[in-house]
Number of protein chains: 2
Amino acid sequence: MQSIQQTFRVDYSYKVFFTRSLFNPSNPEFRNYLASQVTQGLTKKLLFILDDGVAKAHPALTTAITAYLQQIEGFKIAGDVILVPGGEACKNDQELFYSLIDQIDGQGIDRHSFVVAIGGGAVLDLVGMVAAVSHRGVRHIRIPTTVLSQNDSGVGVKNGVNYRGKKNFLGTFAPPAAVFNDAEFLTTLEERDWRSGISEAVKVALIKDAAFFEWLEANAQALVKNDLPVMQELVYRCAALHMAHIGGSGDPFESGSSRPLDFGHWSAHKLEQLTDFTLRHGEAVSIGIAVDSVYSSLLGWIDAAAAERIVRLLINLQLPVYHSLLDTQNGVSSAVIKGLQEFREHLGGRLTICLLKAIGQGAEVHVIDEVLLNKAIAHLKVNYESI
Amino acid sequence: MQSIQQTFRVDYSYKVFFTRSLFNPSNPEFRNYLASQVTQGLTKKLLFILDDGVAKAHPALTTAITAYLQQIEGFKIAGDVILVPGGEACKNDQELFYSLIDQIDGQGIDRHSFVVAIGGGAVLDLVGMVAAVSHRGVRHIRIPTTVLSQNDSGVGVKNGVNYRGKKNFLGTFAPPAAVFNDAEFLTTLEERDWRSGISEAVKVALIKDAAFFEWLEANAQALVKNDLPVMQELVYRCAALHMAHIGGSGDPFESGSSRPLDFGHWSAHKLEQLTDFTLRHGEAVSIGIAVDSVYSSLLGWIDAAAAERIVRLLINLQLPVYHSLLDTQNGVSSAVIKGLQEFREHLGGRLTICLLKAIGQGAEVHVIDEVLLNKAIAHLKVNYESI
Ligand SMILES: NC(=O)c1ccc[n+]([C@@H]2O[C@H](COP(=O)([O-])OP(=O)(O)OC[C@H]3O[C@@H](n4cnc5c(N)ncnc54)[C@H](O)[C@@H]3O)[C@@H](O)[C@H]2O)c1
Ligand SMILES: NC(=O)c1ccc[n+]([C@@H]2O[C@H](COP(=O)([O-])OP(=O)(O)OC[C@H]3O[C@@H](n4cnc5c(N)ncnc54)[C@H](O)[C@@H]3O)[C@@H](O)[C@H]2O)c1
Ligand SMILES: [Zn+2]
Ligand SMILES: [Zn+2]
């Protein structure tokens, strides 16, 4: 029989800018970027969508944006800046999703226009999805405003919304047109949001970069004391490692099973869900890192001292390392662990999970030993539950 | 200020198979393909979604599918074959869209599984979109059952659904895992569906391949007389040209403005919409080809005889070449033409439209002369309205 083989490559490229006070008239970054995107004969539109938590903390922002964009050749701002509720709730709200699609339609946003999202990871995920499916993909610019979104979610290639309570059930891989990390936003974060994004830095250090791990140890106190320049360095280094992995992995859109950036995440995802998302993503990841690090040591992959050092760092960063939902009940494994086994069955028997071969080096397993895992959890419970 | 440049490439590849009676136990094609997709330790699921127009015309199909798949190692069929209404209506139905998402969820379809869509272009577009946004992209296999979907829409990289009456307002670029063109399906098409898909072959011949255009002229009578082997050759050649363009264009996901495969389509899209989709896509494209060919001759790009030859071929294929909605009313341009001018304004002044430099060679313009365009339409009206 005849057949035709189709093969092609698509090149993706975008820049992540690190700056401060992006819409200050004297800051040329955004203006310069737009200038690089001008097409002779076209007037391109910019549709701004803003996290209302950010708007509250930065009441002059909307005016600053409008003023900044007044005089930019080849571009015009479409309608008013649209406010959306920040935080996970916005990813559960189908009506909100379609109201943003209506804005794309009503404002005549097409594949020459840009949607600009300003907010935490949740708002960026929602708006990224809206842009990705409108007209088969409208360009979108991300302006992440939390530690987590500046060092991890906002610089990557994924978006998503929740469906019937299932986290990120709907989403796509859709690289942004550009990302602007503005450090100024980090100054107004709640304590918990400032801290919880740090766990992604610990994660990527553990699987990729021992020197960065040591840097985190050396700077834990400064980070806890809200030292902004130290946080800026953390964000930069973490974003760089995260992006280097995506760009260098050979599988940026995760068509295979291997996902080292999900180190510590299998239990984190389950914990977030079981706590109805009262646990922040970064907090859950911190616990997940602790579990998988101790498990790695019980496997003999890293020594006990290394695991202890990791857990210590998380604690020094004032991040949680244990949750009662992990615990066995009368000798029966917790829902978190059962979830993992269900997932394994669902796949037909074979998991792919990243663990630690060393501080700074991840490696994969396809089987998790339930007895050993419960031992790791018990170890965390006995030693750190009260912290 | 600091910045990080992200750059990566994604390789896409899929095969389009040309076969007959795909689920006949003696046909090894589908079995062989699945064998190439086995992963040690995983049992992969196949979720079948079937166009009910196809199911009606092929009542033994569901049983044949189930029987065919009974014994295939490493795979299992998930639930029952799901029937969906065929034709454009399925792309307007948001409830249907979410009921398919619910099936993905309920049947535990993940990124190791496959969604298999069997049907016309409309069902393939709907299911392609469902698969593309579930879990950030589930693999999908297409089994197109119309001429249009076998030679054009089903072998390409786009999907889409309509939103608030706007054609393909929501969609993505998402290449299939594989495509199986089964000629058997073509034998049960309504006359109109058999014929209308031929216009995409005329289109791609005109912009790419003069020899194929001559072949179409030579075989027009056989095509009109439902000669299946001739149609199979048409489908193969058209699909090959279509795919070669996508794979060789350097812009498979249409990030730029150039879209030669949309030759004849600017007016076709508008006509489909204005007739509430009572005009088939292929019929509208035939009219669009006629308009843009005559316009190309009035521009002096091709001679009048070439335009006449093109229109003649369409007529010999029993395809329409004129529609009253194109006509000026008391000297005022039709809604079709006004739509083009609105679109130009929307873009900020600059269109990109493919016309003909010769039979077999497309070329782009950025301006359309309204007076000349009305002349082209008048020419078609005077000479061919009554045909
Ligand atoms: N796409 C990805 O690859 C990826 C990766 C990891 C996490 N995520 C997603 O990211 C989300 C979590 O994002 P997050 O941690 O940034 O939190 P968030 O988006 O949930 O925001 C938390 C709160 O902070 C507020 N806020 C945001 N910026 C602020 C600022 N500068 N000042 C004051 N308040 C501010 C928000 O309004 C919200 O109330 C989750 O939905 C998670 O699924 C996505
Ligand atoms: N994704 C793309 O790149 C792309 C390109 C062009 C067109 N399209 C889309 O394709 C759609 C049109 O597709 P189409 O022309 O295949 O028509 P269709 O899918 O609308 O089907 C037409 C009718 O034929 C029936 N049918 C399908 N196969 C049959 C068979 N073998 N025997 C008997 N009946 C059968 C269907 O049930 C339906 O009633 C439009 O929605 C258009 O937007 C998509
Ligand atoms: Zn994370
Ligand atoms: Zn077409």
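Just the heavy atoms: all of them, side chains too, but no hydrogens, waters or symmetry mates, feed the values below. In what follows, every chain begins at residue 1, and chains take the letters A, B, ... in the order their sequences are listed.
- When the candidates B:Ser249, B:Ala178, B:Gly247, B:Gly160 are compared by the number of heavy-atom contacts under 4.5 Å with chain A, B:Gly247 comes out ahead.
- B:Arg139 contributes a side-chain N or O that, together with a main-chain N or O of A:Ser255, makes up a donor-acceptor pair within less than 3.5 Å.
- The OG1 atom of A:Thr352 sits 7.5 Å away from atom CG of B:Leu42, with the distance rounded to the nearest 0.5 Å.
- Ring geometry, A:Tyr163 versus B:Tyr98: the interplanar angle falls under 30°, so the pair is classed parallel (tilted spans 30 to 60°).
- A heavy-atom distance below 4.5 Å is found between the side chains of B:Arg9 and A:Asp11.
- Heavy atoms of other residues, nucleotides or ligands lying less than 6.0 angstrom from NZ of A:Lys15 number 12 at most.
- The contact between A:Ala132 and chain B is made entirely by backbone atoms, counting heavy-atom distances below 4.5 Å.
- In the displayed structure, B:Gln5 atom CD is contacted under 6.0 Å by more than 12 heavy atoms of other residues, nucleotides or ligands.
- Separation of atoms CD (A:Gln2) and CD (B:Gln232) is listed at 8.5 Å; rounding is to 0.5 Å.
- Taking every heavy atom of both residues into account, A:Ser3 and B:Phe18 meet most closely at CA-CD1, 4.2 Å.
- By the 4.5 Å heavy-atom criterion applied to side chains, A:His135 and B:Phe169 are counted as neighbours.
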Discussion item. Run A:Gln6 and B:Val16 through side-chain contact (heavy atoms from CB on, under 4.5 Å) and show every step you take.
Written reply: CA-CA 8 Å; A:Gln6 177 67 293; B:Val16 177; 5.8 Å; no
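- The pair A:Lys166-B:Asp105 counts as a salt bridge, with a side-chain nitrogen and a carboxylate oxygen less than 4.0 angstrom apart.
- Listed options A:Tyr236, A:Phe180, A:Phe17 were ranked by heavy-atom pairs under 4.5 angstrom with chain B; first place goes to A:Tyr236.
- When heavy atoms are compared at a cutoff of 4.5 Å, B:Val179 does not approach chain A at all.
- For the set A:Gly171, A:Ser13, A:Gly74, the count of heavy-atom pairs under 4.5 angstrom toward chain B peaks at A:Gly171.
- Contact tally against chain A (heavy-atom pairs below 4.5 Å) for B:Ala239, B:Ala244, B:Gly137, B:Ser134: the top residue is B:Ser134.
- Across every non-hydrogen atom of B:Ser257 and A:His112, the tightest pair is OG-CE1, 3.3 Å.
- Between A:Val10 and B:Phe173 there is no side-chain heavy-atom pair separated by less than 4.5 Å.
- Inter-residue side-chain proximity for B:Arg164 and A:Ile101 is flagged as unmet; no heavy-atom pair is nearer than 4.5 Å.
- Chain B forms more heavy-atom pairs under 4.5 Å with one residue of A:Gln94, A:Met129, A:Lys76, A:Gln40 than with any other, namely A:Gln94.
- Contact annotation for A:Val161: neither backbone nor side-chain heavy atoms come within less than 4.5 Å of a heavy atom of chain B.
- Note that CD1 of A:Ile4 and CZ of B:Arg237 are 11.5 Å apart. Values are rounded to the nearest 0.5 Å.
- Between the B:Arg111 side chain and the A:Glu254 main chain, a donor and an acceptor come within less than 3.5 Å of each other.
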